[in-house]
Enquirer: 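Here's a structure for you.
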Amino acid sequence: MSSSDPVCHTVVFESSAEYPSAQELRSGLEKGSDEVKIDTLRKIIISTINGNPQPTLMMPIIQYVMPSRNKQLKKLLHFYWEVCPKYDDNGKLKQEMILVVNAIRNDLQHPNEYIRGATLRFLQKIAKDAELLEPLVPTCRSCLEHRHSYVRKNAVFAVYSIYREFEHLIPDAPELMYTFLVAETDSTCKRNAFVFLAHCSMQKAVEYVLSIYDTIPSLDEALQMSIIEVIRLDCKNDSAHRARWIRCILELLNVSSHAVKYEAATTLTTLTQNPAAVKAAAACLISLVVKESDNNVKLIVLDRIENLRSKHGPVIDGLVMDLLQVLSSADIEVRRKAMSIVLNMTSSRNVEEVVLFLKKQLQRTQEADFEKAPEYRQLLIQSIHVTAIKFSEVAASVVHALMEFLGDTNNPSALDVVAFVREVVEKFPALRASICDKLISTLPEIKSGKVFRGILWIIGEYVETLPAITETMREIRKVLGEIPILASEQRLLDEAGGDGPTNDQEGESKEKEKEKAKAEGAGRPRVLADGTYATETAFTSAAVARLEAVKAAAKPPLRTLLLGGDFFTGSVLASALTKLVLRFADLSSDTTASNALKAEAMLIMTSVIRVGQSKFVTIQIDEDSNERIMNCIQTLSELDVEEQRPVLKEVFLDDTKKAFEKMLGAQEKRAAEKKEAESKKAAIVQVDDLLTFRQFSKKTADDAIDYDEDVGRATGAAEVQEDFMSNLSRITQLTGFSDPIYAEALVKMQGFDIMLGSSLSLSLLSFPIRISKLTPHTKDVLLVNQSSNTLQNLCLDFATLGDLKIVERPSVYTIAPHGFQSIKATIKVSSTETGVIFGSILWEGPNLSEQCVILNDIHIDIMDYIKPAYCNEAQFRSMWTEFEWENRVNVNSSLSDPREYLQQVMKVTNMSCLTPDGALSGDCDFLSANMYARSLFGEDALANLSIERTEKGSITGHVRIRSKTQGIALSLGDKITMAQKDSKPLSV
């Protein structure tokens, strides 16, 4: 905002009703009641803010409104004096303002303390008008001695505002305020006076702090916060009192106020790097997290602890057990944040204590009244997983404890346990035997198909002794039940028809039932699910009821899954059985036992296929599972062929284990790359920036906290600006060259802000508008009238589509011939979605005719929001299940290489590929990959690419995009569709 702009600190609601004339407003001021005057004055204020100051109404306001005793009217008067023009065309104070100053002086001497205080607050808003303030200074000073604290505290800030702008009006203000501070008893007044000294006379502020040094811990919270701020500012220079300040801050760590403790702990780390002080600050912050009830505050303090740990890790690692108490919080986000810090603080010295605590917490989650137990249990299991892999000495002590949760009804927790066991059994060969024995004995307790598949794969890969193989086959028979499955289910169905009749008796009874049904005639008609009619008889109803009863009967867990249609688990079972038979044949010289085991495995596989094609299953067996099981049967049938045995062993026993090792290696490599990328901070500097020699900088403390710098960074003032040439590529033309007014826009993303710069003129001039999601920012809109006519009531009108919102509409202006006018506009973003900004330029032409130029649409590209990100497979699957919006895009591309098309989609959508490079390598006509991206607003976008190369060499398939909101899924789909229209890869 330029210095010439009128200042307004208050937003007044603007009604859309028709605006009254000046005569009507004058009449309302002269003859109306207080309510009418309030409404009239409100309209005048709105008109003044919108650029129509109504100067002829100033005297009626002074005559008829200013003498009123109505407090609401006096408050509105303050708003009016704030925005009304106070100077004439020559820059001199208007004569009418003398009456206004006299009225303000009277209000400053008013016996009512509310009116005095409100008037003093008003003085802070007109502190840039020296001619108005000068006659009021003596009265303002006298208010410092008023009996009421409300008047005194506002008088302090009124004096501060005047002294800051015009020091010569109150030259002795620091001494005056120091005297006031020493004699004052009210805590708020003391705090305001101290803030005055801190900003206007640091020497006086330090002198006062030293005078009350011993009583600082017992002072009011607001004053303690101000003292901490003074200490911080004083130490930015080479203060001689640093040692005393450190002792003072250490004492403030023990006060009752949480805000003071947080500021004290934060400031202490900027003053010194002494290990004892750093540890005291960290302990104070941890205590805050445990005691504070607000979850947002907990997360903020945890961020500060994480920052402290990154700089002083070894010093505060000993506080890890204290930090574990934060896990008692009910909020899962707080627990997750605290757990991530605990894992970073865990070392070989405290790992056993940490794991013991996590195991106890894991046992507590089984209690019925434990809040959010499933999510917390999953978090604990994942944390123990990370710890055990990182510190091998505790793996043996936790793996068996975690395997107790394999039968957990919460499927994600059990899956995390399987993933942990699978990694441990690969990385720690000494634990394989005991883990496999435990897994084999746990099979009857498993309820989930995914968990069964994970355990069966582990058993098939790592059960390597003859007794273990035999025990595994025995347990698999138990969880499958009687074999063959189809024959046993049919027998149960037959037995359900009566009390165990023989086959002949059962046949005769069925014939009698059929004849009875025929004799009774057709039963009542029934409407089926597809809308057709069918005839129901007692015989058919009884048969269906018996079949449903057989299906609902209690069965072993793996048999239940197969009859429920989970034949993917059946195919994994077949693969595991094949591996066990191959390994048994390799280890044993007993041909008879080997053949018996092979026959039993083939019987189980054929039984799965047959029951999958029967009426006893909920869903018929799918083609892929059927083919997979048949391949396993064929493999076992060719086991006796000597030429085939080495190939079979390599495929089933070697290749799968190598693939798993490669996958673990890729995960470790990616984690190492991520850690290395986080440790490297990209420093972008300009050629004319000052050089900083780190050898000359002090290393006695952390980076000093400077709120001025924080505000600068938050408002974008400290950001590195792009050069002129890069901005040219983002210019969008809004109007044609032949239009009366030429307009163009510059669209740019800066952090959470979208910068929209535009120009209106007959030449290439520019004005910016900023769009922000968090705090709206504005830039000047420059209008240039290059015609010889005056453009009256000119307005730049914007409207939006999508999740964009216009916060503040531009005012109406009059531009002289060849004149300039600066306009401000603010637009707010609420989500990651492609938005459209459109609008027009309106002004009054000759004979009050309306002139208009329609602007071209400005499309806000969501690619400015979206950045590549990474998540593990479990997180991807969890989000894929959770997200409800899906956009399916059909693929039909002239590209011949599936990997080339994958790279094109990644480039167009700014998504990263989660599928390891090893899974994408090799020569294959089919490609499937998962992709992930995250917006700057924290929104996740998932994509699954499934494509194949046709015989003609083109690429076909589909891309499925899922997100929590509809906009991002549709926008990414549009990007892919637009890229496919070009025969060559799209360049972005």
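Remember, it's a predicted structure, so these values are computed and weren't measured experimentally.
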Enquirer: At what distance, to the nearest 0.5 angstrom, does CG of Leu380 lie from CZ of Arg335?
Expert: 8.0 Å

Enquirer: For Ile341, is there any backbone N or O sitting under 3.5 Å from a side-chain donor or acceptor partner on Asn344?
Expert: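 Looks like no, no N/O pair under 3.5 Å.
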
Enquirer: Can you check whether Glu939 reaches Ser963 side chain to side chain, under 4.5 Å on heavy atoms?
Expert: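 The answer is no; the side chains never approach within 4.5 Å.
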
Enquirer: Going by heavy atoms in the side chains, are Lys311 and Asn307 under 4.5 Å from each other?
Expert: yes

Enquirer: Is the side chain of Arg962 donor-acceptor paired with the backbone N or O of Leu942 at a distance under 3.5 Å, no angle test?
Expert: no

Enquirer: Does Glu464 pair with Lys657 as a salt bridge, N-O distance under 4.0 Å?
Expert: yes

Enquirer: Between Asn910 and Ile866 (side chain of the first, backbone of the second, donor and acceptor by atom type, cut-off under 3.5 Å), is there such a pair?
Expert: yes

Enquirer: Are Lys658 and Glu661 ion-paired here, with the side-chain N under 4.0 Å from a carboxylate O?
Expert: no

Enquirer: Taking the side chain as every heavy atom from C-beta outward, state whether Leu253 and Lys261 have any atom pair closer than 4.5 Å.
Expert: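 No, side chains not in contact.
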
Enquirer: Using atom types as modelled and distance alone, determine if a side-chain donor or acceptor of Asp331 lies under 3.5 Å from a backbone N or O of Val334.
Expert: yes

Enquirer: Given side-chain contact (heavy atoms from CB on, under 4.5 Å), test Leu323 with Leu302 step by step and report yes or no.
Expert: CA-CA 10 Å; Leu323 186 58; Leu302 285 172; 4.1 Å; yes

Enquirer: For residues 417-438, tabulate all N or O donor-acceptor pairs below 3.5 Å that involve a side-chain atom, not counting sequence neighbours.
Expert:
{"unit_1": "Glu423", "atom_1": "OE1", "unit_2": "His385", "atom_2": "NE2", "d": "2.8"}
{"unit_1": "Glu423", "atom_1": "OE2", "unit_2": "Lys427", "atom_2": "NZ", "d": "3.1"}
{"unit_1": "Glu426", "atom_1": "OE1", "unit_2": "Tyr462", "atom_2": "OH", "d": "2.6"}
{"unit_1": "Lys427", "atom_1": "NZ", "unit_2": "Glu668", "atom_2": "OE2", "d": "2.5"}
{"unit_1": "Arg432", "atom_1": "NE", "unit_2": "Val425", "atom_2": "O", "d": "2.7"}
{"unit_1": "Arg432", "atom_1": "NH2", "unit_2": "Glu426", "atom_2": "O", "d": "3.3"}
{"unit_1": "Ser434", "atom_1": "OG", "unit_2": "Leu431", "atom_2": "O", "d": "3.1"}
{"unit_1": "Lys438", "atom_1": "NZ", "unit_2": "Glu404", "atom_2": "OE2", "d": "2.9"}

Enquirer: Looking at Ala869, is its backbone amide N or carbonyl O close enough to the side chain of Ser912 to form a donor-acceptor pair, meaning the two atoms are under 3.5 Å apart?
Expert: yes

Enquirer: Give me the atom names and distance for the closest heavy-atom approach of Thr272 to Ile246.
Expert: CB-CD1, 3.9 Å

Enquirer: How far apart are the closest heavy atoms of Cys913 and Met931, and which atoms are they?
Expert: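 So the minimum-distance heavy-atom pair works out to CA-CG, 4.2 Å.
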
Enquirer: Starting from the C-alpha separation in whole Å, work towards a yes-or-no answer on salt bridge (charged side-chain N to carboxylate O under 4.0 Å, His left out) for Lys649 and Asp654.
Expert: CA-CA 7 Å; Lys649 287 178 59 179; Asp654 297 335; over 6 Å; no

Enquirer: OG/Ser347 to NZ/Lys390 distance, rounded to the nearest 0.5 angstrom?
Expert: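 Those atoms lie 8.5 Å apart.
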
Enquirer: Do Pro444 and Glu475 make a side-chain contact, defined as non-hydrogen atoms from C-beta onward lying under 4.5 Å apart?
Expert: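 Pro444 reaches Glu475 side chain to side chain.
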
Enquirer: For Arg232 and Glu263, run salt bridge (charged side-chain N to carboxylate O under 4.0 Å, His left out): C-alpha distance rounded to whole Å, both residues' side-chain angles, the deciding distance at 0.1 Å, then the answer.
Expert: CA-CA 10 Å; Arg232 184 186 293 119; Glu263 289 295 332; 3.0 Å; yes

Enquirer: For the pair Arg453 and Asp566, evaluate salt bridge (charged side-chain N to carboxylate O under 4.0 Å, His left out) and give the outcome as yes or no after the intermediate values.
Expert: CA-CA 11 Å; Arg453 294 195 289 270; Asp566 188 1; 3.4 Å; yes

Enquirer: Between Glu471 (side chain) and Ile440 (backbone), is there a donor-acceptor pair under 3.5 Å?
Expert: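 Answer holds: no.
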
Enquirer: Tell me, with the steps shown, if Val572 and Thr569 meet side-chain contact (heavy atoms from CB on, under 4.5 Å).
Expert: CA-CA 5 Å; Val572 175; Thr569 302; 5.5 Å; no

Enquirer: Within this structure, what is the CG-SG distance for the pair Leu271 and Cys248, rounded to the nearest 0.5 Å?
Expert: 10.0 Å

Enquirer: Keeping the roles fixed (side chain from Gln273, backbone from Val278), state whether a donor-acceptor pair exists under 3.5 Å.
Expert: no

Enquirer: Between Lys279 and Val315, what is the shortest heavy-atom contact and its length?
Expert: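 For Lys279 versus Val315, the nearest heavy atoms are CD-O, 4.1 Å.
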
Enquirer: Does the side-chain contact (heavy atoms from CB on, under 4.5 Å) test come out yes or no for Leu573 and Leu577, once each step is laid out?
Expert: CA-CA 6 Å; Leu573 171 65; Leu577 291 174; 4.0 Å; yes

Enquirer: Does some side-chain heavy atom of Met339 sit less than 4.5 Å from a side-chain heavy atom of Leu379?
Expert: yes

Enquirer: Taking only residues two or more places apart in sequence, or in another chain, which ones meet Phe584 in a ring-ring contact (aromatic ring centres under 6.0 Å, His included)?
Expert: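 Phe584: no ring-ring contact (aromatic ring centres under 6.0 Å, His included) contacts found.
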
Enquirer: So which of Thr470, Ile476, Ile469 actually passes side-chain contact (heavy atoms from CB on, under 4.5 Å) with Thr472?
Expert: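 Passing option: Ile476.
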
Enquirer: Between Asp303 and Lys337, is a side-chain contact (heavy atoms from CB on, under 4.5 Å) present by the stated rule, with each step listed?
Expert: CA-CA 8 Å; Asp303 282 333; Lys337 182 70 177 178; 2.8 Å; yes

Enquirer: Side-chain contact test, heavy atoms from C-beta onward, threshold under 4.5 Å: evaluate it for Leu327 versus Leu358 and give yes or no.
Expert: yes

Enquirer: Is the number of heavy atoms from other residues, nucleotides or ligands within 6.0 Å of CZ (Phe568) greater than 12?
Expert: no

Enquirer: May I have all residue pairs that pass ring-ring contact (aromatic ring centres under 6.0 Å, His included) and include part of residues 250-289, sequence neighbours excluded?
Expert: none

Enquirer: By salt bridge (Lys or Arg N to Asp or Glu O under 4.0 Å), which residues pair with Glu333, not counting sequence neighbours?
Expert: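 With sequence neighbours excluded, Glu333 shows a salt bridge (Lys or Arg N to Asp or Glu O under 4.0 Å) to Arg336, given in chain and number order.
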
Enquirer: Answer yes or no: is there a side-chain heavy-atom contact under 4.5 Å between Ile459 and Leu443?
Expert: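 Yes - at least one pair of side-chain heavy atoms lies under 4.5 Å apart.
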
Enquirer: Taking side chain as C-beta onward, heavy atoms only, is Thr270 less than 4.5 Å from Thr267?
Expert: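 Yes. Closest side-chain heavy atoms under 4.5 Å.
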
Enquirer: Any salt bridge between Arg247 and Glu251, counting N to O under 4.0 Å?
Expert: no

Enquirer: Sequence neighbours left out, what pairs pass ring-ring contact (aromatic ring centres under 6.0 Å, His included) with at least one residue falling in residues 432-459?
Expert: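 Sorted pair list: Trp457-Phe660.
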
Enquirer: Looking only at non-hydrogen atoms, find the nearest pair between Ile381 and Leu362 and report the distance.
Expert: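 Residues Ile381 and Leu362, closest heavy atoms: CG1-CD1, 3.9 Å.
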
Enquirer: Has Lys298 got a side-chain atom pairing as donor or acceptor with Ser293's backbone, closer than 3.5 angstrom?
Expert: no

Enquirer: Could you grab the distance from atom OG1 of Thr387 to atom CD of Gln382, nearest 0.5 Å is fine?
Expert: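 Thr387 atom OG1 to Gln382 atom CD measures 11.5 Å (nearest 0.5 Å).
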
Enquirer: Between Ile968 and Ala941, which heavy-atom pair has the shortest distance, and what is it?
Expert: CD1-CB, 3.9 Å

Enquirer: Does atom CD of Glu882 have more than 12 heavy-atom neighbours, drawn from other residues, nucleotides or ligands, at distances under 6.0 Å?
Expert: yes

Enquirer: State, to 0.1 Å, how close Thr915 and Ala929 come at their nearest heavy-atom pair, and which atoms those are.
Expert: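 So the minimum-distance heavy-atom pair works out to OG1-CA, 3.2 Å.
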
Enquirer: What's the separation between atom CD in Gln875 and atom CE in Met879, rounded to the nearest 0.5 Å?
Expert: 6.0 Å

Enquirer: Tell me the salt bridge (charged side-chain N to carboxylate O under 4.0 Å, His left out) pairs involving residues 573-584, sequence neighbours left out?
Expert: Glu461-Lys579

Enquirer: Assess whether a salt bridge exists between Lys964 and Asp940, defined as any Lys/Arg side-chain N lying under 4.0 Å from an Asp/Glu carboxylate O.
Expert: no

Enquirer: Output the distance between atom CD1 (Ile231) and atom CH2 (Trp245), rounded to the nearest 0.5 Å.
Expert: 5.5 Å

